[in-house]
Amino acid sequence: MVPLVPQADLEAAAHAPKHPHLHRGYHGTGLVHSIESCGTVDGPGLRYVLFLQGCLMRCLYCHNRDTWDLQSDKAREMTVPEVMKQVMSYRHYLKATGGGVTATGGEPLLQYEFVRDWFVACHQNGIHTCLDTNGYALHYDEVLETLLDHTDLVMLDLKQIDPDIHRVLVGIPNTRTLAFAQHLARRKQKTRVRYVVVPGYTDDDRSAHLLGRFIAPMDNVDTVEILPYHELGAHKWALCGDDYKLKGVHPPPKETVQRVRSILEGYGKAVIV
C-alpha cells in the first residue's frame, strides 16, 4: 500500500517558491479561450462558463487540449466589466435554475487575480460562483484567499492519489494538488471532488481506496462526482499537432463505474455519476 503524501511534503508544496515565469502577468484582463453561456455540467443549475487559457498539467485524456498554452492567438483578452455585461444578460436564467457562473479552463488558478475580481463582481450582484480547478495553486496569498472567500463551490479534480501513476497520467507530481485539497479542508471550503475513471489508470480498487482514504476526514467534501473517461476530445489533439496517447482506450463499463462508486461511498461520501 502506497502511503498518502506526508503532511510535511504537502505543506512544503503549498509554500514552495513562487514561479513568476509560469504565472501570466495581470493587467486587469483575463485571457479567455471560450465561453459557454448555458452550461449544464459545470456546477449546479444553468451556468455561464468561462474557459480560461493555460494549464500546466498534461493529462493523457484531456478533452481541452487547445487550452494548454499560456498564450494563444486564438484566445481573447476580456475585462471583468466585459464579462459581467454578458453574465448580467443571463442572470435571470441562471438564478431561476439555482445556477451561476463557473471559472474553468485550462486551469483558472493560473489567472487567479482575474478570477478573484470576477467572482467579487458576481457576489456584488448576488450570483453564485464555482471554481473548477485541478488545484495547481502557485501562490498562497491574499489574492487566493479573497478568491476563495468569494467562491461558493470548488469543484476539485483529484486525478490520482498514487504519485507514480499520477506522473504517468498527468505528467507532473500531485503534491501541489493534494496540498490545495488540504488547504480547502482547513478553510472548510465547500468542495465537490471530481474523479475521472480512466481504464488502466484510475479504474482499479486500490486507486479508489486511496482517494477514499484521502478525502474521508475532509468534512468540507460533501460529494464525489465520478466522470467516466470519454474520447470526445481526441480530435483536438490532432488539430494541435499532437498524438492522442489513449487511442484504443474506451469508456469504462458501467460495472466498473459502479464498483468505484461503491468503494467511495464506503468512505462516507455521497457519490454521483
Side-chain angles (χ1 to χ4, degrees), residues 1-2 4-5 36 39-44 49 51 55 57-68 102 104-107 130 132-136 154-174 177-178 181 191-216 218 221-240 242-273:
M1 178 71 69
V2 175
L4 298 181
V5 177
E36 187 173 355
T40 59
V41 296
D42 298 284
V49 185
F51 293 84
C55 186
M57 292 190 176
R58 298 294 182 259
C59 301
L60 297 181
Y61 57 84
C62 181
H63 58 274
N64 287 325
R65 165 62 187 87
D66 47 342
T67 66
W68 284 2
T102 298
T104 185
E107 174 46 54
C130 176
D132 181 14
T133 177
N134 60 37
Y136 201 81
V154 176
M155 294 197 302
L156 177 64
D157 294 328
L158 292 181
K159 301 171 189 296
Q160 171 60 260
I161 303 300
D162 182 286
D164 296 326
I165 301 175
H166 189 276
R167 278 182 176 272
V168 175
L169 181 64
V170 178
I172 59 176
N174 61 3
T177 296
L178 300 186
T191 300
R192 174 189 299 181
V193 166
R194 287 180 141 185
Y195 183 67
V196 182
V197 177
V198 186
Y201 295 90
T202 63
D203 63 337
D204 58 291
D205 289 7
R206 175 177 169 278
S207 294
H209 280 294
L210 285 173
L211 175 61
R213 285 177 51 208
F214 181 70
I215 64 175
M218 297 180 174
V221 176
D222 58 1
T223 304
V224 179
E225 182 177 3
I226 293 178
L227 303 170
Y229 161 80
H230 62 72
E231 306 162 89
L232 299 180
H235 69 284
K236 294 183 181 180
W237 288 65
L239 293 175
C240 293
D242 291 336
D243 291 328
Y244 186 65
K245 295 179 175 59
L246 294 186
K247 291 179 181 177
V249 177
H250 302 296
K254 293 181 179 179
E255 294 79 11
T256 298
V257 174
Q258 183 55 48
R259 175 170 45 79
V260 171
R261 178 176 188 167
S262 297
I263 291 172
L264 294 176
E265 287 176 337
Y267 288 90
K269 303 299 183 183
V271 181
I272 60 176
V273 180

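Numbering starts at 1 and runs along the sequence shown. Computed from a predicted structure; not experimentally measured.
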Just one of V221, D132, T191 clears the side chain to side chain contact (heavy atoms under 4.5 Å, CB included) bar with V154, so which one?
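The single option meeting the side chain to side chain contact (heavy atoms under 4.5 Å, CB included) with V154 is T191.
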In V197, L60, V198, the residue satisfying side chain to side chain contact (heavy atoms under 4.5 Å, CB included) with Y229 is V198
Could you measure the distance from the [atom1] atom of [X] to the [atom2] atom of [Y]? Nearest 0.5 Å is fine.
X    : Y    : atom1 : atom2 : value
L211 : L158 : CG    : CG    : 6.0 Å
I172 : Y136 : CD1   : OH    : 4.5 Å
D204 : D162 : CG    : CG    : 8.5 Å
D205 : T256 : CG    : OG1   : 9.5 Å
D242 : W68  : CG    : CH2   : 6.5 Å
I161 : Y195 : CD1   : OH    : 8.0 Å

Tell me, please, which residues at least two apart from I272 pass side-chain contact (heavy atoms from CB on, under 4.5 Å).
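So I272 forms a side-chain contact (heavy atoms from CB on, under 4.5 Å) with R192, T223, E225.
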Non-neighbouring partners of Y267 that pass ring-ring contact (aromatic ring centres under 6.0 Å, His included), sequence neighbours left out
H209
N64 side chain to G105 backbone, donor-acceptor under 3.5 Å:
yes
Where the side chain of T102 meets the backbone of D42, is there a donor-acceptor pair that is under 3.5 Å apart?
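Between the backbone of D42 and the side chain of T102 there is a qualifying donor-acceptor contact (under 3.5 Å).
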Taking the side chain as every heavy atom from C-beta outward, state whether [X] and [Y] have any atom pair closer than 4.5 Å.
X    : Y    : answer
S207 : Q160 : yes
P173 : R167 : yes
D157 : V196 : no
V193 : K269 : no

So which heavy atom on [X] is nearest to which on [Y], and how close?
X    : Y    : answer
E107 : G135 : OE1-N, 4.1 Å
P228 : V257 : CG-CG2, 4.1 Å
P251 : P199 : C-CG, 4.4 Å
N134 : L156 : C-CD1, 3.9 Å
L246 : Y61  : CD1-CB, 3.7 Å
G39  : E36  : CA-OE2, 3.5 Å

Determine the interplanar angle of the H63 and H230 rings, folded into 0 to 90°, and report it as parallel if under 30°, tilted if 30 to 60°, perpendicular if over 60°.
tilted
State which residues pass side chain to side chain donor-acceptor pair (under 3.5 Å) with E265; sequence neighbours excluded, sorted by chain then number.
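Result, side chain to side chain donor-acceptor pair (under 3.5 Å) vs E265: R261.
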